[in-house]
Amino acid sequence: CVVALRCPTAFPPNGCGLNDYFERIAPQGTQLEVLIYSRWATSFSGNQVQFWDGSYHNVPVPLGTYYYSIKATLPPYRPTIVTGNVTVVK
């Protein structure tokens, strides 16, 4: 089974208007529960459906690699978990 959920591997949250967010691409009707962690297991994001802007409490996070776990329910009700990492770059 191929999971129809795509996530970027890096993004520059610099406000230039191009790739400013860690944004998940999923089929319409997909339900997402997203957690993003630092390498020290600090949770930076919880249950954001659309995107992560590279901040924690409205303060930009340091450049580096962050890890995500996404619980997705893809149509027609296929539960799956996707994990990976994303790098915040300049």
Side-chain angles (χ1 to χ4, degrees):
C1 169
V2 175
V3 176
L5 181 66
R6 295 185 304 170
C7 300
T9 56
F11 73 104
N14 56 14
C16 73
L18 183 62
N19 300 322
D20 286 334
Y21 304 102
F22 172 66
E23 189 169 13
R24 281 74 66 197
I25 300 171
Q28 185 175 5
T30 300
Q31 296 176 348
L32 300 174
E33 293 180 41
V34 180
L35 294 174
I36 298 174
Y37 299 93
S38 72
R39 62 180 163 181
W40 300 282
T42 302
S43 177
F44 282 92
S45 170
N47 296 327
Q48 291 187 2
V49 175
Q50 293 294 327
F51 56 84
W52 177 48
D53 64 359
S55 69
Y56 180 61
H57 293 297
N58 295 320
V59 176
V61 298
L63 302 180
T65 301
Y66 296 84
Y67 305 90
Y68 61 83
S69 175
I70 301 173
K71 290 182 185 178
T73 303
L74 301 160
Y77 307 106
R78 295 179 312 169
T80 188
I81 296 176
V82 178
T83 59
N85 61 68
V86 60
T87 303
V88 176
V89 298
K90 278 189 177 183

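Note that the CZ atom of Arg78 and the OG1 atom of Thr73 stand 10.5 Å from one another [nearest 0.5 Å]. Rounding to the nearest 0.5 angstrom, the gap separating the CD1 atom in Ile25 from the CZ atom in Arg6 is 4.5 Å. To the nearest 0.5 Å, atoms CD1 (Ile70) and CD1 (Ile36) are separated by 7.5 Å.
Listed by chain and number, the residues in a ring-ring contact (aromatic ring centres under 6.0 Å, His included) with Tyr67 amount to none (sequence neighbours excluded).
The nearest pair of heavy atoms linking Pro8 to Glu23 is CD-O, 3.3 Å.
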What side-chain donor-acceptor pairs closer than 3.5 Å can you find for residues 81-90, not counting sequence neighbours?
| unit_1 | atom_1 | unit_2 | atom_2 | d |
| --- | --- | --- | --- | --- |
| Thr87 | OG1 | Thr65 | OG1 | 3.4 |

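Under the 3.5 Å distance criterion, the side-chain polar atoms of Asp53 are left unmatched by any main-chain donor or acceptor of Tyr21.
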| message | With side chain to side chain contact (heavy atoms under 4.5 Å, CB included) as the criterion, how do Tyr66 and Trp52 come out once you've worked through the C-alpha distance, each side chain's angles and the decisive distance to 0.1 Å? | response | CA-CA 11 Å; Tyr66 296 84; Trp52 177 48; 4.1 Å; yes

